[in-house]
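Please read the structure below before turning to the comments.
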Amino acid sequence: MNQPPVSLRSPSPEGVRPAWGGPTPNMLTLALSKGRIFDDTLPLLKAAGIEVRDANSRALILPTNRPDVRVVLVRASDVPTYVQHGGADLGVAGLDVLLEHEAQQGGAPMLRPIDLKIATCRLSVAVRKGFDYPAAVRQGARIRVATKYTGLARQHFAAKGVHVDLIKLYGSMELAPLTGLADAIVDLVSTGSTLKANELVEVETLLPISSHLVLNPVSAKLKREALQPLLQTLREAVPAAS
Ligand code: PRT
Ligand code: MG
């Protein structure tokens with residue numbers, strides 16, 4: 001608290017982290033979420049010459065083999081917030097998370113220069129087997145939909161002219177139609193086995209999903225020289241066919 005702020009801001013040689021643990025002026029901070037995005041991003045980073053260190057530690061800030069690049073681990077749904085507000089210069093997040101963030105926040109869309117084509121799935125509507133979905137969504141009807149994606153679900157049903165009562169959930173969406181909490185869910189589907197195990201059927205797809213690289217707009221300008229080569233190698237590392 002009594003530390004003179006001058007010492008925090010004194011220039012340090014590139015790559016040497018100041019004693020207070022913050023980034024050096026030229027350091028790139030990449031926000032990732034643990035799990036499939038982290039696992040699928042590592043090989044792309046490796047192809048770009050970046051190896052993440054201490055991946056199995058409990059630390060939330062991970063160094064890499066490059067002194068000017070570090071990784072911060074955040075919740076998947078927090079990646080857009082970190083990147084938008086400069087807690088990270090860049091990040092990787094599912095299109096579901098990015099578009100939902102934009103639907104909730106409004107404003108300009110985030111800078112999304114590379115589709116990494118990883119963690120692919122789709123955002124779909126699912127209902128209980130035997131539920132008459134076409135009848136439930138006929139023009140002017142009213143339907144109860146449980147989802148974590150209330151912004152995207154609202155847009156989808158509004159475009160169809162269907163009145164929707166949205167029920168916000170944070171997980172286990174599949175349970176909602178089985179317990180009578182909702183008529184339908186909007187959730188991610190990959191293999192379809194989770195729906196199948198719960199006797200639900202997919203009745204409509206809102207959009208195909210993959211994870212994208214997102215950029216903080218200020219970093220995109222001020223750290224352009226450091227970012228450009230990294231973005232280029234990542235672009236080249238993305239599999240041509242998804
Ligand atoms: O888990 P947490 O609450 O911390 O955050 P999160 O669920 O957002 O993170 P995570 O790591 O589970 O998902 C991160 C991103 O991975 C998502 O935002 C998607 O872009 C992408 N992704 C790709 C998926 C899936 N595939 C996927 N299958 N995210 C979740 N699932 C879940 C889905 O919600 C459902 O419960 O897997 C289940 C369906 O899978 P199948 O194979 O049975 O159809
Ligand atoms: Mg999850």
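Residues: numbered from 1 along the sequence shown.
You'll find the side chain of N216 stays beyond 4.5 Å of the side chain of Q84, heavy atoms only. Side-chain contact between M110 and H212 is absent, with no heavy atoms from C-beta onward closer than 4.5 Å. Counting heavy atoms from C-beta on, the side chains of E202 and V125 never come closer than 4.5 Å. Residues R112 and L95 form a side-chain contact, since some pair of their non-hydrogen atoms from C-beta on lies under 4.5 Å apart. By the 4.5 Å heavy-atom criterion applied to side chains, F38 and L62 are counted as neighbours. With a 4.5 Å cut-off on side-chain heavy atoms, L215 and P113 count as touching. The shortest side-chain heavy-atom distance between Y133 and E204 falls under the 4.5 Å cut-off. Taking 4.5 Å as the limit, some side-chain heavy atom of L234 sits within range of a side-chain heavy atom of L213.
Judged by distance alone, with hydrogens and angles left aside, the side-chain atoms of D183 form a donor-acceptor pair with the main-chain N or O of R144 at under 3.5 Å. Although no hydrogens or angles enter the test, the distance criterion places no donor-acceptor pair under 3.5 Å between the side chain of K34 and the main chain of V74. Side chain of D187 to main chain of K148: no donor-acceptor pair is present (N/O by atom type, distance under 3.5 Å, no hydrogens or angles). Between the side chain of R154 and the backbone N or O of G151 there is no donor-acceptor pair closer than 3.5 Å. Panel note: side chain D115, backbone K117; a donor-acceptor pair is recorded below 3.5 Å.
Taking the centre and axis of the six-membered ring of Y170, the NZ or CZ atom of K168 falls inside the cone set by 45° and 6.0 Å.
The closest side-chain donor-acceptor pair between Q232 and Q228, if any, does not fall under 3.5 angstrom. No side-chain N or O of S57 forms a donor-acceptor pair with one of D54 less than 3.5 Å apart. A donor and an acceptor atom, one from each side chain of T150 and Q104, are located under 3.5 Å apart. Side-chain atoms of R70 and T29 include a donor-acceptor pair closer than 3.5 Å. Neither side chain, E51 nor T64, offers a donor N or O lying under 3.5 Å from an acceptor on the other.
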Audit row: L195, V201, side-chain contact (heavy atoms from CB on, under 4.5 Å) steps and yes/no: CA-CA 6 Å; L195 292 183; V201 287; over 6 Å; no
Pair R128-E199, side-chain contact (heavy atoms from CB on, under 4.5 Å): steps then yes or no: CA-CA 6 Å; R128 230 176 38 245; E199 307 208 337; over 6 Å; no
Stepwise salt bridge (Lys or Arg N to Asp or Glu O under 4.0 Å) check, R66 with D68: CA-CA 5 Å; R66 283 202 14 201; D68 61 332; 3.1 Å; yes
Trace of the side-chain contact (heavy atoms from CB on, under 4.5 Å) decision for R142 with D165: CA-CA 7 Å; R142 195 158 200 107; D165 293 319; 3.0 Å; yes
Criterion side-chain contact (heavy atoms from CB on, under 4.5 Å) on V79 and V92, from CA distance to verdict: CA-CA 7 Å; V79 169; V92 177; 5.9 Å; no
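There is no path of hydrophobic side-chain contacts, each under 4.5 Å, that joins I143 to L169. Under a hydrophobic clustering in which Ile, Leu, Val, Met, Phe, Trp and Tyr are joined whenever their side-chain heavy atoms come within less than 4.5 Å, directly or via other members, V186 and L181 fall into different clusters. By the rule that hydrophobic residues join a cluster once side-chain heavy atoms approach within less than 4.5 Å of another member, L30 and L44 end up as members of one cluster. In terms of hydrophobic clustering, with Ile, Leu, Val, Met, Phe, Trp and Tyr side chains grouped at heavy-atom distances under 4.5 Å, L28 and V218 are assigned to different clusters. Linking ILVMFWY side-chain heavy atoms closer than 4.5 Å, directly or via other members, places I37 and L188 in two distinct hydrophobic clusters.
Counting all heavy atoms, side chain and backbone alike, M173 lies closest to P177 at O-CD, 3.5 Å. The minimum heavy-atom distance between T205 and R122, with the atom names listed, is CG2-CB, 4.0 Å. The shortest non-hydrogen separation linking L32 to V71 is CD1-CG1, 3.9 Å. Residues L111 and A220 come closest through the heavy atom pair CD1-CB, 3.9 Å. Here the closest non-hydrogen pair linking A153 and L166 is CB-CD2, 3.8 Å. Heavy atoms only, all atoms of each residue included: A176 and A146 are closest at CB-CB, 3.5 Å.
Residue I50 holds its CD1 atom at 6.5 Å from OG1 of T233, rounded to the nearest 0.5 Å. Rounding to the nearest 0.5 angstrom, the gap separating the NZ atom in K221 from the CZ atom in R224 is 11.0 Å. Taken from OG in S210 to CD1 in I118, the straight-line distance is 8.5 Å, to the nearest 0.5 Å. The distance from atom CZ of R36 to atom OG of S190, rounded to the nearest 0.5 Å, is 7.0 Å. Expressed to the nearest 0.5 Å, how far OG of S33 lies from OH of Y82 amounts to 12.5 Å. Here the straight-line distance linking atom CG of L175 with atom CD1 of I185 works out to 10.0 Å at 0.5 Å rounding.
Dense packing is recorded around CZ of F157, with more than 12 heavy atoms of other residues, nucleotides or ligands lying under 6.0 Å away. A 6.0 Å sphere centred on NZ of K46 holds no more than 12 heavy atoms belonging to other residues, nucleotides or ligands. By the neighbour-count criterion of 12 heavy atoms within 6.0 Å, atom NZ of K196 is sparsely surrounded, having that number or fewer from other residues, nucleotides or ligands.
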